[in-house]
Each structure stands twice: as C-alpha cells, then as structure tokens.
Participant: 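The structure under discussion is supplied below as structure tokens; questions concerning it will follow.
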Amino acid sequence: MYKNQLQELAQRSCFNLPSYSCIREGPDHAPRFKAAVNFNGEVFESPGFCTTLRQAEHSAAEVALAALSSRGPSHSLAARILDETGVYKNLLQEIAQRVGAPLPTYTTFRSGLGHLPVFTGTVELAGITFTGEPAKSKKQAEKNAAMAAWSSLKQLAREAASSSTEPENNDEQEQITIARALLNYRLKEKMAMANDPNATPFPKKFPMLPDKRHSLNHPAPATVSKILTLLRRKSASSNRPSSPVTSDNSAFSAPISQPDNQTTRSQKFPAPNAAPYIPVQHFRLPYHAMASPVTIRTAVPVYSAPPLPPPAKVMIRTAVPVYSAPPLPPPAKHQLYPVMTPPPARMASPVCIRHVVPVFAAPLPTPAISVQVHDRPPQVTSSPMPAVKTEKVEAILEELQESMVQKPLFYSSGSSLDSTLEKGALVICVFMNEMSSSMSVPRPPGSDGNSHSNELQERETSRSAFVWFALFILLVNGSWALYRFQYESLPPPLNAEEAGKRGFSEVSAMEHVKYLTSLGPHPVGSDALDVALQYVLAESEKIKQTAHWEVAVQVDLFHAKNGANRLSGGLFNGKTLIYSDLKHVVLRILPKYQAEAEDNAILISSHIDTVFSTEGAGDCSSCVSVMLELARATAQWAHGFKNGVVFLFNTGEEEGLNGAHSFISQHPWSRTIRFVIDLEAMGIGGKSSIFQSGPIPWAMETFAKVAKYPSGQIIAEDLFLSGAIKSATDFQVYREVAGLSGLDFAYTDSTAVYHTKNDKLKLLKPGSLQHLGENMMAFLLHTAMSSNFYEEVSAEHEGTSENHAIYFDVLGVYMVVYRQRLATMLHNSVILQALLIWTTSLLMGGSSGAISLGLACLSITLMWIFSLTFSVIVAFILPHICSSPMPYIANPWLVVGLFGSPALLGAFIGQHIGFYFLQKYLRISFSKRVPKLPSRIEENLIKWESERWLFKSGFVQWLILLILGHLYKARSTYLALVWLVSPAFAYGLMEATLTPARSPKQLKIATLVLGLTLPVLISAANIIRLVGTIIGNMVRFDRDPGSTPEWLGNLIVAIFIAVAVCLTLVYLLSYIHISGAKRTFIFLSCALLGLSLAAVSTGVFPTYTQDVARAVNVVHVVETTGRNENQNISSYISLFSPTQGKLTEVVKSLRDEEFSCGRSKTLDLVTSSVRYGCWSSQGTEDGWIKSEIPMLSVESDYKADVRKTRVFIDTKLSRRWTLAINTEHISDFSFEVNSEELVPEDNKSTSNGWHIIQFSGGKDSPTKFYLNIVWSNNAAESLPKIQKQKMDPPYLLKLRTDVDRITPKAAAVLEKLPSWCSLFGKSTGPYTLAFLASLPVDF
C-alpha cells in the first residue's frame, strides 16, 4: 500500500523508483526485519523491527511518505497522491473490521452558490463522527472526511502511546495500534458512564484538524516547485546559450520578478542547487520572460533538401506531368524571418512507365501510347489523346503555375492551399488515367531505358541457390538433432545413495544385469535358467526382509502344470502352443492395513529366459533387473497404497508366450489382476517406449501426466499390430486371454542385435535402465495410490474403438494424448473445410483454375513415379555390384546416399516436368486474359504462379492421406493432419489473398519455415527411427531362407525412403524450380549417389561388424524317411541365414568342411523351409545316436462314421519339438499328455494347409504323447488318385525335435565362422541339433 504510493510519487516527480534494503536479525524460526528505502538519494528507515520483510518495507515507505508530505515543495503532491488513491477510506474500513464496528458511514452536505457548490463530508466510525475539509465534489468531500478521521485516530493513538506505561512494541503495524487505541477509548467511555451515570459523555465529534494545505476556495499561489525542486540543478556549462536573435516585445526581455502580493515559502526539503520551478497551473504574466528568445522560421519539411539556385527556364509540356512549382519570389522587407526557397523544377532521368495490369484483369481495348522522356532536349512521342482531356490538363497546369508564381506554396492560406493541391492532384490523376488506359513503352534504339527495372525483376524471380541449400541443410541437420535429442538423450544413472531408499538406482539394477548375463544363454529347460530363477528368488527374499514394516511382501516360486495356449492373432494363427514344467517367481506387495488392496492388483511382467543364441542383456535381463529394483523401492512406499502390486518373473516367453499364459490360467493371484504392464526388448538399451496400449485410454492419459521422460508413438503400435514387424509379446496373452488393459514397453535401440550374440552387456547404454525405472516408478506410485483405480480400469465405454487413445511424445519431454472420438471430429472438420476451400477456389478460378490444379496434381504424380523409380533401380542394382544385397546394415547412414539421393533427385525431376507443363499452360492462359503484357513481367508472373500451384499440390496429397486414414481409422493419421494444417495455415497467413485480381508473388521463405516447423518437430525423429528399425529388421527378414529374392529387402527400404521424401519434401522442392540451385542440386545428388555406390561396391564400409553381425544358423540335422525296416537315416550340417544374400563369403572360411551351397536341396524344418543354404555331410556321424530319433507310430486306425487314427508320439530326450498336421486330410484332432486331454476336438485354425503344435517345457516335461486324428471326407477321395498316379504321397504329420547340444561337427563349424556372423534364435527355429521324422498319408 505505502510502497505503491511512494512509487507513484517518484513517477510523478520524474525520479528513479525507490529501492529497498533490508537487515535480518534473530533465529531462523523467529526472524526480524528492518528495512530502509532510498528515495531520490535520501534514505528513510523503518522505526523498528517487523516480523516480515513486507511489513518492514511498508513501514519504511510510510516513514518516507510522512516525511515528504510535511516538506514544502512535495507536501501538496504527496498529500494529493494519498488522497487520490482513496487509501484513507480503505484504512478506515480495515479499522472498523478490526474493532468489530459497522463499516464507516459517509454523509455529505452541500452549500455555496448553485453554479459553484461546496461539499462538506463527515464519516461516522464506531460511533464517532469526523468532519473533513470542504471540496468541490461529493467524492472528494468523502475522501477529505476519511483523511481527517485517519489523522485524528493517529493523534489519538500517539496520545495513548505516550500516556501508557507499557513498553512500545515496534513490531506492531500502525493499523493494530490505532485499532487498540480506539478500543481503549470506547472502553474508557463505557467504564466512565457505568461508574457515574451523570458523567459527561466523551466527545463524539472530533474537530477538523488543521491542515497545512491551503483552502480549496482560496488557493495560494506557489512560488517554488512542488515536484522538481528535488532535482539537482544543472551546471552552468550545460545551460542552453541565449539566442542571438531577440524580439522587440518587451514581455520577452523583462527580468524575472516576484509579484508583490506573493511570498516565497522557504524550502524545507531542498535538493542541492535546487532551481525554482513554476508549475503550469500557477503560470502568471510576470513569468513570461523565463523562455529564451526563439527565432520562428519558415515551415520547412524536416527531410527537405537545401535550396538550390533557380533554373534559367522551366519547361512544362502537355504530355508530361509537372510535379514542381516555379521558384518563389524573394521575401518582402516587412517579413520578420527569411523564407526557404523550394527546390526548382528539374527534368528526371529517363524512365519507362509500364502499365500495372492485374493478373486476372480483362483485355484492354484501346491502343497503346508510346512515351519517351529524355533529359535535354525533352522529346515526347505519343499518339493522339482525347482532345477534351488534353485541353483540361493544359488549362489546369497553366492555372496551377500562375497560382504558384503569384503566391508561394508555403504561404498559401487554407483555402488557397487546398485548391492548389486539388488542382495538382487532378493533373496527376488525369495524366495517370490516360497513361493507364493504353500504354506501351518500347525501348529507345541503342539504349535500355528500363535496365534497372529489368535487373530488379530478374533478381526477384531467381531465388538464391544459397538460400535453398541453406534451408535444405537446416532441415537435414535439424532433423538429426531432433532425433538425437528425442531418442538418444538419456538421464544420468543414479547410485543407491543418490536415489535414496525409495528411489530407483540404475547402478543397483546393473548388478542384476551383470549376474544374469554372466550365466550365458539360459533358454527353457537349461541348467542356466534354473540358476537364474534361484537368483531372482533370492533377491525377492531380500526385498521381503528389507520392506517397510507396514508393507506385506509375499514371494512365490510357482510351478506351472501342463497347459495349452491357443492364440488367434498375429504369429499364432494356425498354432497350438503346449507347455509343461515351467517355473516362475511371483512377488506381491500389499499394504498391511488395506484389506481391499489384495483384490485389486497391478501386474508388472517380464521374462527371465532367453533364446539359445544370446546371453540376453537387452532381451530381457535388463527388464528383470528394472523390476527387481522397482520392487525394492516399491516395498518402501506400499504402506500408502490402495491397490496391490504383483511382479511376475516368468519363463517360457521365448517359446511362444507360455509363461504369461500359465500364470493367467493357473496362478490364484491372477484373478486379482486388474491392469498389466509388460516390459520387453526388441533391441538393446536406449529409451524404453510404449508401443502397445489399451484398450482403455485411462492408462495412457495417466502415464502422460505423471511420467518424467514420456516416450511412445502410436505409429509404432499401428505397425506392430499390422504385422509389418514379425514379433509378439506377453501383452497379447494378457489382452486376448485375460481381457486386461495395460501398457507394453520395449527397448528398440540396435534392433539388428536382437536374438544374436551381440545382445550383450557392453552395448547396453548408460541411462537406459534409469529412463525406464523412473517412468515406471512415477506411474506405479500414482496408480497404486489411486482410490478409484478399480472404477477406471473396469469401466466399459460405449463404442470402444472411439475411445482408443492416440498418443505421441514431443522430443521425449511432453506427451500428447487424445481419444479417437476427438480425432474423428478433427478429421471431419479439416476434411470438410479443405474440400469447401478447394471447391470454392475452383469455382472462382473457373476452367483455368481447374486445369492448373490438374497439372499441379500431375506434377505430384510424376514426382512419386520418378522418385520411386530411381530408388527402386538402385535397389535392384545393389545385389549385382556388392557382396551383400544390403551393404548398409552396419552403417545405416549409407541409405542417405544409396536411396535418399536418387529418391530426392527423382522427386525433383518429376516435379520439374510438371512445373514445365504448368508454365506452358499458364502462358496460354495469360495471353488470353492479359494481352500486351511485357514479356519479362509476364514470365515472372507465370513462374510465381506455377511455384504456388506446386506448393499447394502438397496439400492435395496430404488431404488424400488424411481421408484414407480417417476411413480406415488409422490412429497414425494425426501425422497427415499436422502436415496438412500447419503448411496450409502458414500459406494462408503469409501468401493467400482474398481477391483474384492481385498479382502472384514469389513464395516467402518465412512461409516454408513457419509451415514446416511443427511437422518436422513432431515427425522428423520418428522417420529416422523407423528407417533404422526397418534396416535392423533386415537382418532376420528372410524367415524361410532363400524364399525371397535378394533385392526385396532393398526394395522395402528404398520404397519407404522414397515415400518419406515425397511426403515431407514436397513443400521444400517447390522452392527450387525458380532458384539458381537446380544444376548444383542435380550434380550433388548424382555425386552423392555415385560415391555411395562406389563405397559399398569396393567394401570401404563393411556390411557387418562384430557388433552388428549377420544372423546364421548352424544345425546338425538327422533326417529319417520311411518306416520300420525301410527307414532311411541321413545326417548333415545345414548352414543357412535369415539375412538375405548368398553365403559365399561365409563359406570361404569353412573350406575344410566341404560345404556345398545352392538351391538344389530344400530343407523342411516343419515351421520353415530352407530353399537356399549350404550343407556338408563330412564327419556328421558323431554327436548323436539312433535311439534319440523321435518316433511316430500308428496305434489304431478305424472307420465308423468317420475315419479316426490314434498316433503315438515319442520325442525321446527332446523337451522342445514341433509337429505339423495336414489339415487338407485331417478335419480335427485331440491331443493327450499322460491321459490328460490338453487339446480337445473343436474347430482348429489353419495356416497354408497345416496346423502346428509347438511344445516346450522344463527338464521334467513328458516326452510321450497321443494324437487322435479325425480324417476329412476329402481324404478318402484323394488317396486313390495319389496311388494311381504314383506320386510321392504327401505327409500327414511332420515332426521336428530340438536338442540343445553342439555336436563335434557343429562345434568345428561354429569355431570357424567369421566374427561378423552370429547364431540366431527364435521360438520356431531349431537348436543346433534337430531330428526330423514324418508320417505319410498312405501309411
């Protein structure tokens, strides 16, 4: 309050704002403050210490105001500021509230003359009436009354303080002191009246205290400054010198004197060397001489040139407008001041005036006039103009000249000046009208009169090559920087001390990773997996022992029984997965005193087992380690949980998601699970991102709100669910079998190392576990503490597809989440508006606009055709010039030169061809609409118009994608929305016009920058990430080795890059066609392509490295054909690769093993077929025995209504096997294990005419099974045909059993493999020893 008043006083006095300093005393729990304020160099301190800094500063400001208001020059100003702010009324209201009295009541009395009223105000507070000074308004009278009341109460408080014997408390505020004094005053009055009823009451009306201010009716003139007396006087050297010109008026030369009836009040608060100052309201005649003499000069424009000597002669010709007047006559003698002569009339340099014609204007009917203007002598050649207009111009010119000669322009009176200006304007208008009606300016022979104009037009048309390349480099480098920031910036790892007892520590989690990876590969059924299970169990027991005393931790080593897993989607179509003897570690954390928490639990799941070929640092020892550290920290928080938390460390995930299925179908705690979080890895390290969610959107909305480093893209979920990425996670079981909603996280860095030997600890990036752990910790705590968790996850929304979440993170800092319903509304709105705008534009543009749009769309089509063609050609060339068809796997950045440069070059060429045809049509259109337009200007307008059409054609392609995505409910359609709306908005803001008569202009650079900023920010990093993921997946692309052509992987990469180029660079490419960068761009693109091809063909950059290896399989195959005594057994080593390309380079290091390579021998592995590979039979008799060969025998075969056959299956020592059943001859079957029917007879799905049974289990799994077959009706008809034609009978059953053993021959091959090769494992792939058996249809 007081600080604001002091600040206003400083501002009105033209001083610097007050500055405050403070002194702090006392202990931390009871500090005291004393403040000082510096006001214009003078320091005022608060009278005592206050409890808060704010009170101390206000106290110092109050002291300053009190002191300044009592000093001479500033008294009236300070008082007026206090008065105008109405602060006294507020203070009285606060005092009334403190003493418990009614609010102050104001009464105003009017007196004086009718035209000059005087108002006197009174205010009643706590039964006491105060009267203020008279005023000219009721509002001011009330303020004066409040001021008088406050002054009286302050005086009452001072008297009470002086008479009191109690020590003064300086910490009290002034309001409290006054309130206490007022209460004491009323209390004394009541006590006096109670003791003596005849006593005289205390006075209820305080007299009006004398005020130092003068009466409002008779203000005394002030003789000194009320504000600026506080300013320091300037030194004499800085004073303005007196003007040498003086005036004859004595009033301006009279000395400064004081009037007799005024007295100068002494300055009580003068500043050093303060000078007197007379305010405007006190200005009187005696003070007129304060101003120094001033010379009044002619009103000359500020920027006018100095006068020049008058010319000898001014020539005014009829056909040329004259804009200058003749020289003014010299000033008369009686004039006091000299007059500046205006510039004389001079002939301008040669100028060619062209007709400004709108682009869409109608043809001009009248003939053109040829006008030439020269310096000396002036010559004007023109065709006859209308006589009326010419005579009118001449008459006005003559009249204008006479009027300007008779009376100078600068001395014209108002009416004369207006008339002169009107005539001059009329001359100009008539002349310009004649010129614009029909004008054609040919160049004079031998000269170029408008060379400067042409150079300007040329400079505007041709955009600088540097600008375009700068934009392109900015786009490329900016995209890479965004990728590094979004996907490679990881949080720093924390140790146990930094994280604290309740925080997540990556250093502690890494200890678990180190131990689990030290065990080597630990697949299902291995000894290493048992050791890993015991380690996780021991760590869980430690968590139980160190948990918070109010937290209950339960640990269970769960042993799953036999079970069958039949999933319908994804990779499991046509499959039945059977498991046995699986063990899991389950850890449940509950608050001890929240009984209902046991019924609602959150499941966090991951798997301990790995494939046989890797130690699994990424997949998924890192996930298990994060879960152990999360469980340790959660056990310190759970006493405040409203819901339970279950950690599932399962086994069997790598063999077909069996671990998750066994828990959901058999464990008793699974019935309490309401929400699931699955942790996975499809690479090693980096940021763990969400790639599956739902179906309830609550989880994504909550994660986006609480996650510290949110990461997730809906485009990854769309690609994963579409089957483009051949993989599956436990999340499919939880969603499909248990019907749970949840989130699925995965590491996706370095996807090329997935399931190879390079999934090792060395490649796990620091910060990867910290990123996932902190995100999970925040989400888990928020969810477990939620009291409405069950209601959220159990809600059944109507129209579930409309409630699916659409999500994407922005640079890993912020996550955008909205529902499909909102997306549908946005898409509908944008599509309808876009169609309406395009329809309106075409209707306004007519056939010309429609044809231009069609040609622009043609340019887009050609851009796509050429871009795809050029990049696809390179994809076909690579396998013929390189040792590997995909030479960029270890160096993904090579695709920029191999596929990016041809795609970009093709996009430019295709668009430029469309640009050429568009220009050609616009020339014809312009010639019909705008005839006789100068060729240079017309050419520029055509180029600019063509450039705009190409830019707008980008809207068309994104609009088409938006419509298609909207129709098919693709949640990644938000990308099309962003790439359409943002550039369209920028174009509408910077380029669009509401009138078709406006000429087109060159596209602004700002339009491109503004339009592409948001789309690039959102999608650039994701495009780079997708390219890297696709290249990484090429390592295992050929699931049936040799079944796909070598160029197919290149084709996929090339098409994706070409599509990305055409979609994202369509706007940028539209800027290159009228720039000087075309030839340079073509040269650089070709050079980059040539260098890249030369580098990969010569092997400068290796295709594979030790860290990015080629996936291969070395399998010792023992194959049996025939039955019983006619059984044939063959044994050989098979070498094949899921990575495309020949094995020539691999076999070079295996010369001693006598391998033969080719397509002549096809290996049927039941789940896949090897059509190209290498094999060797040398020394393959060792490492296996005949008794290990599995057996398929028919126990019974009979026919009642239908034919049924019972087959006995003995897998010998194998606990991992695959059986294929021919569904063309078999309509149904059942499967039994130990007299337990695991798979009943019902409708079975099929894939390519086969149904696959895949079995995996632990060491105690059964090895003997029964298969009951029900034949189809078509089988009886097909068998006679097969026997009659003597064809090789098809197989009824095919069996492959896998043994995790390395035979001597296989060991020798593995030892000689190059370091850039690695074994590859997958759930359907064989181990290093595989037995093959079969049962024909005509057994």
Side-chain angles (χ1 to χ4, degrees), residues 494-509 511-512 533-558 584-606 623-650 663 667-679 699 702-703 706-708 742-743 769-770 772-790 792-793:
L494 301 180
N495 55 36
E497 294 181 359
E498 294 172 335
K501 194 175 183 180
R502 296 185 172 186
F504 184 91
S505 170
E506 177 177 307
V507 176
S508 300
E511 297 299 323
H512 306 312
L533 276 168
Q534 291 301 320
Y535 174 79
V536 174
L537 181 63
E539 292 297 321
S540 301
E541 292 292 344
K542 289 181 183 179
I543 294 172
K544 180 178 180 180
Q545 296 173 3
T546 60
H548 192 275
W549 65 274
E550 296 185 46
V551 176
V553 178
Q554 304 169 6
V555 180
D556 179 29
L557 180 60
F558 176 61
H584 319 307
V585 177
V586 190
L587 184 147
R588 183 164 69 170
I589 300 176
L590 298 170
K592 287 185 178 180
Y593 306 109
Q594 292 284 345
E596 63 276 7
E598 186 175 352
D599 298 329
N600 302 313
I602 305 163
L603 176 66
I604 299 123
S605 172
S606 189
C623 309
V624 172
S625 303
V626 168
M627 289 173 58
L628 286 172
E629 181 63 12
L630 276 174
R632 180 203 60 78
T634 304
Q636 307 299 325
W637 284 95
H639 57 280
F641 284 4
K642 302 293 190 301
N643 310 286
V645 179
V646 176
F647 292 88
L648 171 62
F649 304 89
N650 69 66
F663 172 80
H667 200 283
W669 291 352
S670 64
R671 299 176 182 86
T672 66
I673 304 300
R674 301 290 179 262
F675 184 82
V676 63
I677 300 172
D678 182 49
L679 304 184
T702 304
F703 178 80
V706 303
K708 190 174 182 180
L743 301 175
L769 306 187
Q770 193 71 38
L772 176 59
E774 293 196 21
N775 281 345
M776 287 296 303
M777 195 71 190
F779 179 77
L780 194 59
L781 293 179
H782 183 275
T783 306
M785 292 182 178
S786 175
S787 58
N788 59 343
F789 166 71
Y790 179 76
E792 291 288 349
V793 298

Participant: To the nearest 0.5 Å, what is the distance between OG (Ser786) and CZ (Phe641)?
Facilitator: 12.0 Å
Participant: Working to the nearest 0.5 Å, report the span between CZ of Phe647 and CG of Leu780.
Facilitator: 5.5 Å
Participant: In Å, rounded to the nearest 0.5 Å, how long is the span from NZ of Lys542 to CG of Leu628?
Facilitator: 10.5 Å
Participant: So, for Leu648 and His584, which heavy atoms are closest and what is the spacing to 0.1 Å?
Facilitator: CD1-CB, 4.0 Å
Participant: Give the ring-plane orientation class for Phe779 versus Phe675, where under 30° counts as parallel, over 60° as perpendicular and anything between as tilted.
Facilitator: tilted
Participant: What are the two closest heavy atoms between Met627 and Ser605, and how far apart are they?
Facilitator: SD-C, 3.8 Å
Participant: In the structure I gave you, are the side-chain heavy atoms of Leu772 and Leu679 within less than 4.5 Å of one another anywhere?
Facilitator: yes
Participant: Heavy-atom distance under 4.5 Å between the side chains of Leu533 and Leu537, does that happen here?
Facilitator: no
Participant: If you look at every heavy atom in Ala547 and Ala635, which pair is closest and at what distance?
Facilitator: CB-CB, 3.7 Å
Participant: Does the side chain of Tyr593 pick up a donor-acceptor pair with the side chain of His639 at under 3.5 Å?
Facilitator: no
Participant: Where is the tightest heavy-atom contact between Gln636 and Thr546, given as atom of each residue plus distance?
Facilitator: NE2-O, 2.7 Å
Participant: Gln770 and Glu774: side-chain donor and acceptor closer than 3.5 Å?
Facilitator: yes
Participant: Working to the nearest 0.5 Å, report the span between CE of Met776 and CG of Leu743.
Facilitator: 8.0 Å
Participant: For the atom pair CD1 (Ile604) and OG1 (Thr634), what is the distance rounded to the nearest 0.5 Å?
Facilitator: 6.5 Å
Participant: Quick one: CD1 on Ile677 to OG on Ser606, what's the gap to the nearest 0.5 Å?
Facilitator: 12.0 Å
Participant: Quick one: which of Val793, Thr783, Ile602 gives a side chain to side chain contact (heavy atoms under 4.5 Å, CB included) with Arg674?
Facilitator: Val793
Participant: Can you find a heavy atom in the side chain of Val586 that is under 4.5 Å from one in the side chain of Phe649?
Facilitator: no
Participant: Would you say OH of Tyr790 has more than 12 non-hydrogen atoms from neighbouring residues, nucleotides or ligands within 6.0 angstrom?
Facilitator: no
Participant: Answer yes or no: is there a donor N or O on one side and an acceptor on the other, between the side chain of Gln554 and the main chain of Arg588, under 3.5 Å?
Facilitator: no
Participant: If you compare all heavy atoms of Ala631 against all heavy atoms of Ile589, which two are closest, and at what distance to 0.1 Å?
Facilitator: O-CD1, 3.6 Å
Participant: Where do Lys592 and Glu550 land on the salt bridge (Lys or Arg N to Asp or Glu O under 4.0 Å) test, with the steps shown first?
Facilitator: CA-CA 6 Å; Lys592 287 185 178 180; Glu550 296 185 46; over 6 Å; no
Participant: Could you go step by step and tell me if Met777 and Trp637 meet the side-chain contact (heavy atoms from CB on, under 4.5 Å) rule?
Facilitator: CA-CA 10 Å; Met777 195 71 190; Trp637 284 95; 3.5 Å; yes
Participant: The criterion is side chain to side chain donor-acceptor pair (under 3.5 Å); which residues satisfy it with Asp556, sequence neighbours excluded?
Facilitator: His667
Participant: Looking only at atom types and distance, does a side-chain atom of Glu498 sit under 3.5 Å from a main-chain N or O of Asn495, one as donor and one as acceptor?
Facilitator: yes
Participant: Any donor-acceptor pair under 3.5 Å linking the side chain of Thr672 with the backbone of Asp599?
Facilitator: no
Participant: Walk me through it: do Glu539 and Arg632 pass the test salt bridge (Lys or Arg N to Asp or Glu O under 4.0 Å)?
Facilitator: CA-CA 9 Å; Glu539 292 297 321; Arg632 180 203 60 78; over 6 Å; no
Participant: Any idea which heavy atoms bring Gly640 and Met785 closest together, and the distance?
Facilitator: O-CG, 3.8 Å
